[in-house]
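Along the sequence shown, residues are numbered consecutively beginning with 1.
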Amino acid sequence: MNNKFLTWDIHYKCNYYCTYCFLHSEPETTNIESIYLKNDEWVKIWRLAYQKYGPCNISVTGGEPFIYPNFIDLISKLTDMHTFEFSTNLSWDVVEFARKVPPDKVKINSSFHPEFIVLEDFLKKITYLKENNYLVNITIVAYPPLLDSLFQYNEHIKKAGCFFILYPFRGLYENRVYPEGYTDKERAALNKLGLELRAADANINEPLLQKYKLREEYDRGKIKLVNSKTEKICYMGQRYAKLVPNGEAFRCCAAVNKEWGRLGNFIKGTFEFSAEPLICPDLNHCRCYKAMTVGDEEKWKKQWIDTSSIWKIEEEKKSLEKAKHLRDQGDIREGEKEIKELLKINPENVEAMVLLAELKLNQKDYNSCRDILNGITTNYPGSDYESWIYRILGRAFMELGVTGESAKEREVFLDKAGQYLESCLRLANEKNNLADRARGYYESAAFHLLREDYKMAKGNIGLALKYEPENEGFLRLKRRIEEQEIELALKQVNSSGKITFGWDLCYSCNYRCPYCGVWETQSNRDLFLSPEEWSVVWDRIFDNYGSCHIFMSGGEPSVYAGFSELVKRLTSKHSVEICTNLSWDVESLILDIPPGKLRIAPTFHPSQADFGDFFKKAVKAKDYLPNAQVYYVAYSGQQITEMSQRSKMLKEHGIALIPYPLRGNQAILNTEEEERIIREVSPYRGEKIEYQLKKISPKGKLCRAGQRYAVIRGGGAVDRCSQHHNGEVGNFLDKNFSLFDEARPCGKEYCPIESQWIIV
């Protein structure tokens, strides 16, 4: 046993004032000043002790330690360095304590005081602590007026699954000094409850005997040297110290305020444990059954809690956490070194073995990973790390599924990966292991992303973030899923064989947005043809280019005469996507046209529309929203600050909000702070958002706009994209109209919308 033990009388104040408490009368306690320090000061002092002596076992008493200012917060910081025992009346908030202080670092010696609390309330606190894995015992003072109630207390405490320890009363009651004053009848009753009163118990009352002048000869404080035949040596002072509230440190309780027992001042930094065991001048009168006398180790060692095993576990935990941190930082080699050193000390640490297997997997060393896991499952079946093992196997087979030699082999590997990940989550849920649950959902999200099942991937990464919302790795995967989903959607449009046309159906609009002058300056360019006439034109396009994707915009398309009839006709051969302010009755179309033929791309205009109405219609048309998205003009002011909250509302219904930066005259009009909010809300990452915010220029880059995509203006002229206005592609109404034969360089500085057509 190499531990250092200390009793810390933190102060002698108490929120109870029990009739039988000896603290009220002993000069040892009443004459000592209490020094109150801030938590940071105490942490600094106890850290110095930790650095000098290693983890100590500290018994904190008083008074009532828990009424010391900010005591629970102080202990929550000190348990990183030391283990603790508390002598306490349990009058404090056990829920807060359980939230802040780890159960493996503390023991609670609770005392029941029936003058101040009823037993039922006291036992509720005991039960809560025990249910949260704290080591708790109960003590009761055998005060003479309480003796008749002790048997009743004992029955209730046993029913609660506990037991109590009786302490003899020390003091004066009805002119009798206790514990010597117990009658034979009282001693028999106490003995039946488990308290054996010994002759040595009388020694603890020397200060009281002096106070009440019941013993004329009391040689308190005088050092008596023992002769060579009877002198004894004690480890107290070398392995143990008593700290009192003014910071003074002594060899033991009997040495308090005696010069032969001083070890310095703990607060002032002069405290030192003795380098060796010392002769005790007062050992013939020693009242301590825990006295560390040399030669009597077998008698007293069991009275002291050896915490070395706790700290061995703690050091292993720190080593594991360091290795995990190195793994998460990508420093796999250093993480492996750390784990191998740990396994040299404790080759039976299963958690370290599993982590080593994962590190081998990260190095693509599949054989070593497999061998380690096989060894664990053979030698430690049913370990607490099964769900982690299944997760590693799931990841391994995912990677093999990517690199397999044939499509059939790859599919077999991926099937196995899915099975292992299902087993991982099943076990994590059964054992309520939140960390394994979070990581299991993360790996499952990666698995479904690999299979391009974006719905399942998003669902699983959402569950992972529910448990660890700040995990950077989880957030990175979430962004990757969103980016790949968007990229896939663009690829489906760009490479599906369909030509895409943006069509300014009209420039008229029922809104008057202050950031848009289209309705005022261009509505005179509207070209009106009946649905039948437009059908002829679009049938000709079908004959030349096959089924096309028509992105209908304006103005507001829904104000065009015959709008619904036109859309129904077009969707017989083409797919139609309507860019709209959603001010019309969407049910008039979605009841007749399936989502595969019709898409509705709503844009919220903060200056004109009510978000509540827009929200209801968007949810109703959810199945028709392209990639489950709506657009939101980032109009300056209150509306942009509310964008984040509105984005959350839509997310709850599986709809993403895509902010449109406010632009005018080829410039971004949003402030830097507004741009920050736009970036935060937008699911776009990488080049898409950089183009939108004018951080990347398209100039000089080859672009398929004009070849696979074009914009039909309201008068029939066709431009390469929304940024061009020269009609260079031709006129849509011309019977000989055709698109460019090849991609051409872009001549513009800004690409706010159609950057997906750029060839990088």
Side-chain angles (χ1 to χ4, degrees), residues 454-455 458 462 478-494 500 502 511 513 515-516 549 551-554 556-557 577-582 586 595 599-609 611 614-636 639-663 668-670 674-696 709 721-722 750-758:
Y454 296 103
K455 184 176 180 180
K458 285 195 294 186
K478 180 176 184 287
R479 289 193 288 270
R480 208 168 91 219
I481 292 168
E482 291 169 342
E483 288 167 13
Q484 287 189 215
E485 184 180 30
I486 292 168
E487 287 173 12
L488 180 65
L490 294 175
K491 285 178 184 177
Q492 287 172 341
V493 171
N494 297 348
T500 299
Y511 281 5
C513 301
Y515 42 79
C516 176
H549 183 71
F551 186 81
M552 190 180 287
S553 183
E556 169 54 42
E577 187 172 335
I578 305 166
C579 179
T580 172
N581 59 29
L582 218 59
V586 294
R599 306 301 265 167
I600 296 171
T603 301
F604 178 65
H605 297 274
S607 66
Q608 301 293 304
F611 185 77
F614 179 87
F615 174 79
K616 289 176 185 176
K617 289 184 177 180
V619 171
K620 188 178 290 185
K622 177 183 172 181
D623 292 341
Y624 289 80
L625 305 181
N627 300 318
Q629 296 172 348
V630 299
Y631 303 88
Y632 189 119
V633 177
Y635 184 49
S636 300
Q639 300 284 2
I640 196 169
T641 59
E642 291 181 359
M643 192 160 59
S644 297
Q645 182 58 36
R646 290 171 173 176
S647 174
K648 289 178 183 176
M649 287 176 61
L650 288 161
K651 273 185 181 179
E652 290 176 359
H653 291 270
I655 301 172
L657 185 151
I658 312 295
Y660 269 157
L662 191 65
R663 64 184 191 272
I668 294 292
L669 304 180
N670 294 112
E674 289 170 348
E675 284 191 30
R676 184 193 66 76
I677 297 173
I678 291 168
R679 286 181 185 276
E680 186 179 278
V681 172
S682 177
Y684 293 145
R685 295 293 183 272
E687 291 188 347
K688 182 70 175 180
I689 190 68
E690 298 303 312
Y691 277 118
Q692 283 190 335
L693 292 172
K694 208 175 181 180
K695 306 299 180 184
I696 300 178
Y709 168 82
C721 70
S722 61
Y750 181 34
C751 184
I753 299 174
E754 297 111 326
S755 59
Q756 65 266 33
W757 302 101
I758 296 170

Chemist: Between L650, L657, T603, which is the residue that forms a side chain to side chain contact (heavy atoms under 4.5 Å, CB included) with Y632?
Modeler: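 Single side chain to side chain contact (heavy atoms under 4.5 Å, CB included) partner of Y632 among L650, L657, T603: L657.
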
Chemist: To the nearest 0.5 angstrom, please state how far the SG atom of C721 sits from the CD atom of E754.
Modeler: 5.0 Å

Chemist: On the ring face of F611, is R646 found with NZ or CZ under 6.0 Å from the centre and within 45° of the axis?
Modeler: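 Yes.
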
Chemist: Could you state the interatomic distance from CD1 (I600) to CG (L625), rounded to the nearest 0.5 Å?
Modeler: 7.5 Å

Chemist: To the nearest 0.5 Å, what is the distance between CG (L582) and NZ (K616)?
Modeler: 13.0 Å

Chemist: Hey, are the side chains of W757 and T500 touching, using non-hydrogen atoms and a 4.5 Å cut-off?
Modeler: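 Yes, at least one pair of side-chain atoms sits under 4.5 Å.
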
Chemist: Can you tell me how far CZ of F604 sits from CE of M643, rounded to the nearest 0.5 angstrom?
Modeler: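 Spacing of CE (M643) from CZ (F604) equals 11.5 Å.
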
Chemist: Is there a side-chain contact between P626 and E577, using heavy atoms and a 4.5 Å cut-off?
Modeler: yes

Chemist: Mind listing the closest non-hydrogen atom pair of Y631 and A601 along with its distance?
Modeler: CE1-CB, 3.9 Å

Chemist: Do S607 and Y511 have side-chain heavy atoms sitting under 4.5 Å apart?
Modeler: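 SC-SC contact between S607 and Y511 ruled out.
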
Chemist: For H605 and N581, which heavy atoms make the closest approach, and how far apart are they?
Modeler: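 Residues H605 and N581, closest heavy atoms: CD2-CB, 3.9 Å.
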
Chemist: What is the distance from atom CZ of F614 to atom CD of Q608, rounded to the nearest 0.5 Å?
Modeler: 14.0 Å

Chemist: Between G502 and Y709, which heavy-atom pair has the shortest distance, and what is it?
Modeler: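 Scanning both residues completely, I find the closest heavy atoms to be N-CE1, 3.9 Å.
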
Chemist: Could you list the residues that satisfy side chain to side chain donor-acceptor pair (under 3.5 Å) with K478, not counting sequence neighbours?
Modeler: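 Partners of K478 under the side chain to side chain donor-acceptor pair (under 3.5 Å) test: E482.
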
Chemist: Rounded to the nearest 0.5 Å, what separation is found between the CD1 atom of I655 and the CZ atom of F615?
Modeler: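 I655 CD1 to F615 CZ: 7.0 Å, rounded to 0.5 Å.
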
Chemist: Tell me the closest heavy-atom pair linking C579 and P557, and the distance in Å.
Modeler: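 Looking at all heavy atoms of both residues, the shortest contact is O-CD, 3.3 Å.
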
